[in-house]
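Reviewing the structure listed below.
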Amino acid sequence: MADLSVLDYFFWLLMIIALVMEVWALVDGLTTPEAAYAAASKLTKKLWLIILVVAAVVGAAYTVAPLAWGGKPTMLLLGILPVAAFIASAVYLADVKPAVAPFKKKGAAAAVPTWARTAPGDP
């Protein structure tokens with residue numbers, strides 16, 4: 001690790017920031033009720049969690065790679081996988097999180113339309 005330049009450390013810092021963002025998206029996805037995704041007309045919770053888990057694992061692998069294998073962060077960051085992982089979490093945080101936020105605050109029952117909450121025959 002002693003032969004890393006300032007630019008390598010900068011790119012490593014970018015990878016750490018991206019990992020934090022990927023974990024943030026994953027935690028938010030885990031805490032959002034499943035019905036909120038359907039109510040917001042987004043992909044299912046299961047599909048988003050698969051995407052976000054893969055993104056977090058890829059981000060973690062590429063972040064620890066310079067420590068484990070002695071690779072240069074500059075070359076690792078230029079690969080397609082860490083960029084795709086960052087884009088997946090960015091799409092979740094920019095598009096899905098704001099769309100499901102109103103349903104998350106009220107709980108999973110609020111994501112069900114009013115007409116569906118009443119039993120047949122109830123006034």
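What you see below is based on every heavy atom in this structure, not just the backbone, and it leaves out hydrogens, waters and symmetry mates. Bear in mind the structure is a predicted one, so any value in this text is a computation, not a measurement.
Note that the CZ atom of F86 and the CG atom of L14 stand 9.0 Å from one another [nearest 0.5 Å]. To the nearest 0.5 Å, atom CG of residue L49 and atom OH of residue Y37 are 5.5 Å apart. If you take CZ on F11 and OH on Y62, they are separated by 15.0 Å, rounding to the nearest 0.5 Å. Here K97 contributes atom NZ and W24 contributes atom CH2; the two are 5.5 Å apart, rounded to the nearest 0.5 Å. Expressed to the nearest 0.5 Å, how far CD1 of I51 lies from CD of E22 amounts to 13.0 Å. Distance check: I16 CD1 to L19 CG gives 8.0 Å after rounding to the nearest 0.5 Å.
Hydrophobic cluster membership is shared by M15 and Y9, with clusters built from Ile, Leu, Val, Met, Phe, Trp and Tyr side chains linked at under 4.5 angstrom. Under the 4.5 Å side-chain heavy-atom criterion for Ile, Leu, Val, Met, Phe, Trp and Tyr, L26 and V83 are members of the same hydrophobic cluster. There is no path of hydrophobic side-chain contacts, each under 4.5 Å, that joins V64 to V58. L43 and V96 fall within the same hydrophobic cluster, defined by Ile, Leu, Val, Met, Phe, Trp and Tyr side-chain heavy atoms under 4.5 Å apart, directly or through other members. L47 and V57 end up in the same hydrophobic cluster when Ile, Leu, Val, Met, Phe, Trp and Tyr side chains are linked at under 4.5 Å.
Contact record, D28 with T32: O-OG1, 2.7 Å, taken as the closest heavy-atom pair. Summarising the geometry of L93 relative to P98, their closest heavy-atom pair is O-CD, 3.4 Å, with the distance given to 0.1 Å. Closest approach of K42 and A99 over heavy atoms only: CE-CB, 3.6 Å. Nearest heavy atom pair, residue V100 against residue A40, reads CG1-CB, 3.9 Å.
Around OH of Y92, the count of heavy atoms belonging to other residues, nucleotides or ligands within 6.0 Å exceeds 12.
Judged by distance alone, with hydrogens and angles left aside, the side-chain atoms of D8 form a donor-acceptor pair with the main-chain N or O of S5 at under 3.5 Å. One N or O on the side chain of W12 and one on the backbone of T63 form a donor-acceptor pair closer than 3.5 Å.
Between K45 and L30 there is no side-chain heavy-atom pair separated by less than 4.5 Å. The closest side-chain heavy-atom distance from V91 to W48 is below 4.5 Å.
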